[in-house]
K.L.:
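A single structure is presented below for examination.
Here is the naming used below: chain letters follow the sequence lines, and residue numbers restart at 1 for every chain. Note that the structure is predicted; figures quoted are calculated from it, not measured.
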Protein chains: 2
Amino acid sequence: MPAVSDCIEMLDSETKAVETPEDHAEELRLWLRLLTCTTLIEGEVRGRLRQRFDVTLPRFDLMAQLDKAPDGMTLSDVSKRMMVSNGNVTGLVERLVESGHLDRRTSETDRRVQVIRLTKLGRAEFRRMAAEHETWIADLFADLTPKDVRELMRLLAKTKASAQKSAARRKP
Amino acid sequence: MPAVSDCIEMLDSETKAVETPEDHAEELRLWLRLLTCTTLIEGEVRGRLRQRFDVTLPRFDLMAQLDKAPDGMTLSDVSKRMMVSNGNVTGLVERLVESGHLDRRTSETDRRVQVIRLTKLGRAEFRRMAAEHETWIADLFADLTPKDVRELMRLLAKTKASAQKSAARRKP
DNA sequence: GAAAAACATTTTAGGCTTAAAACAATTTTG
DNA sequence: CAAAATTGTTTTAAGCCTAAAATGTTTTTC
């Protein structure tokens, strides 16, 4: 709630809130801090992936999705999971097929659908990278106690739900 | 610490840890959740900025930095604050100067340095956007209690410090 | 069953982003 | 003071990313 001194001009003749310029500075600061953390970690991971394996982060992320789906995924699935645009996935897949990491085929039952899978090479390379990647993440979060981790997980779950609700409010 | 059952093969003849494939699945899950939250909110803000003001998020972010610095900033300053590459800022500034939102001049005392400022137009437009932007953020975080916000701030501060330490360990 | 709607993907146009190399100016060092 | 190192910016080459329009396919609806 705004401080009294900030509310003087928001009282009209009927003593009801009119235009309430509420203070949301805390939420804004929280958002900036969240963004800073993510950018920091993402940049670090990106650099290490490039240096150690000469691979980009988006390529790694896409392979991570496919590693969890032995039977393959459609491009739409990947697009939703990665929260990126369809066109983005098209290009990413193109390059990964080209380099021999992915296999792409048209679905038997629905000729609109493209199913992609990791190739043997793709899976092997991903597993090798993922093992090291996990140690980087552990190191980046090293100063958090197990309790911190649990608490962050809980609060971020709540944040995600809140944001999804807000996003849904806008586009029904 | 790994569960006993996971440690059988890590004990050598001298009962000392050899290769300890420790379990960091929790940290990994935390990182993915952090990334999901940020991507979700960032996408939402990006879309609203475009729809309401026909402006991109990077442009908005750059203007936000300059709004806090009435005396202007150098490109390097901006690059560090925004945690993006130098070349990125060059292009961004070019377009914002072109559209009349920024003023760019070479420093009097050091001819390497470019100082940029918001123009009157740039400041006015930014303030107008920022006011609305703040309400979006408030809405996206609406389900968090003030206590949640405080707690998240604390844990993210700890996360940031941890990640910075880890990053510094790599490049001394 | 033909028209309309929905769906999956690709294409397009433009902007963002990075790492690395190049360039220019200043500061440090022998 | 001149050579070397550092600093601030731009350029380059390649890839990432988005929104919107276009294309081809399947499902729904009348």
K.L.:
Does anything in residues 79-121 of chain B form a ring pair (Phe, Tyr, Trp, His ring centres under 6.0 Å)? List the pairs, not counting sequence neighbours.
P.N.:
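Qualifying pairs: none.
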K.L.:
Applying ring pair (Phe, Tyr, Trp, His ring centres under 6.0 Å) as the test, list every pair that has at least one member in residues 61-80 of chain A; sequence neighbours left out.
P.N.:
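Found none.
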K.L.:
For a 4.0 angstrom threshold against heavy atoms of chain B, report the outermost contacting nucleotides of DNA chain D in 5' to 3' order.
P.N.:
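For DNA chain D, the relevant span reads dT7(D) to dA20(D).
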K.L.:
Has Thr74(B) got a side-chain atom pairing as donor or acceptor with Val115(B)'s backbone, closer than 3.5 angstrom?
P.N.:
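No, the answer is negative, given that no donor and acceptor are paired below the 3.5 Å cut-off.
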K.L.:
Considering residues, nucleotides and ligands other than Arg104(A), do more than 12 of their heavy atoms fall under 6.0 Å from its CZ?
P.N.:
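Yes, CZ of Arg104(A) has more than 12 neighbouring heavy atoms, counting only those of other groups under 6.0 Å.
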K.L.:
With side chains defined as the heavy atoms from C-beta onward, is the minimum distance between Thr106(B) and Val113(B) less than 4.5 Å?
P.N.:
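They are not in contact (no side-chain heavy atoms under 4.5 Å apart), so the answer is no.
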K.L.:
Could you identify which residues of residues 35-68 of chain A place a heavy atom less than 4.0 Å from some atom of DNA chain C, listed by residue number, or say none?
P.N.:
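Those residues whose heavy atoms fall under 4.0 Å from DNA chain C, taken from residues 35-68 of chain A in numerical order, are Arg50(A).
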K.L.:
Hey, could you give me each pair passing ring pair (Phe, Tyr, Trp, His ring centres under 6.0 Å) that has a residue in residues 150-169 of chain A? Not counting sequence neighbours.
P.N.:
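Qualifying pairs, neighbours excluded: none.
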K.L.:
My understanding is that only residues two or more places apart in sequence, or in another chain, count here; which of them pass side-chain contact (heavy atoms from CB on, under 4.5 Å) with Ser166(B)?
P.N.:
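Checked Ser166(B) against side-chain contact (heavy atoms from CB on, under 4.5 Å); matches are Arg48(A), Asp139(A), Leu140(A), Arg169(B).
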K.L.:
Just by distance, with hydrogens left out, do Asn86(A) and Ser79(A) show a side-chain donor and acceptor under 3.5 Å apart?
P.N.:
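There is such a pair (donor and acceptor under 3.5 Å, judged by atom type) between the side chains of Asn86(A) and Ser79(A).
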K.L.:
Scan residues 110-123 of chain B for pairs that pass salt bridge (charged side-chain N to carboxylate O under 4.0 Å, His left out), counting only residues two or more places apart or in two chains.
P.N.:
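Every pair satisfying salt bridge (charged side-chain N to carboxylate O under 4.0 Å, His left out) with a residue in residues 110-123 of chain B: Asp67(B)-Arg123(B), Asp110(B)-Arg112(B).
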K.L.:
Below 4.0 angstrom, N of the basic side chain to O of the carboxylate: do Arg128(B) and Glu132(B) qualify?
P.N.:
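Result for this pair is no, no salt bridge flagged.
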K.L.:
For Ser107(A) and Gln114(A), indicate whether the former's side chain and the latter's backbone hold a donor-acceptor pair under 3.5 Å.
P.N.:
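Judged by distance alone, no pair lies under 3.5 Å.
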K.L.:
Got a sec, which residues hit side-chain contact (heavy atoms from CB on, under 4.5 Å) with Asp148(B), two or more places apart in sequence or on another chain?
P.N.:
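Asp148(B) satisfies side-chain contact (heavy atoms from CB on, under 4.5 Å) with Arg154(A), Leu155(A), Lys158(A), Leu144(B), Thr145(B) once adjacent residues are dropped.
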K.L.:
Not counting sequence neighbours, list each pair that qualifies as a ring pair (Phe, Tyr, Trp, His ring centres under 6.0 Å) and has a residue in residues 42-64 of chain B.
P.N.:
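Those involving residues 42-64 of chain B are Phe60(B)-Phe126(B), Phe60(B)-His133(B).
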K.L.:
Taking the side chain from Thr38(A) and the backbone from Leu35(A), do they hold a donor-acceptor pair closer than 3.5 Å?
P.N.:
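Flag not set: sc Thr38(A) to bb Leu35(A) has no pair under 3.5 Å.
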K.L.:
Specify the angle, to 10°, made by the local axes at the two ends of the helix from dG1(C)-dC30(D) to dG30(C)-dC1(D) when five pairs are taken at each end.
P.N.:
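Roughly 20° between the end axes, to the nearest 10°.
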K.L.:
Heavy atom of residues 104-115 of chain A under 4.0 Å from DNA chain D: which residues?
P.N.:
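Going residue by residue through residues 104-115 of chain A, the ones with a heavy atom under 4.0 Å of DNA chain D turn out to be Asp110(A), Arg111(A), Arg112(A).
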K.L.:
Is there a residue in residues 75-94 of chain A whose heavy atoms reach under 4.0 Å of DNA chain D, and which residues are they?
P.N.:
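When residues 75-94 of chain A is checked for heavy atoms under 4.0 Å from DNA chain D, the hits, listed by number, are Met83(A), Val84(A), Ser85(A), Gly87(A), Asn88(A), Leu92(A).
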K.L.:
Does Ile137(B) offer a backbone N or O that forms a donor-acceptor pair with the side chain of Glu27(A) under 3.5 Å?
P.N.:
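Side chain of Glu27(A) to backbone of Ile137(B): no pair is present.
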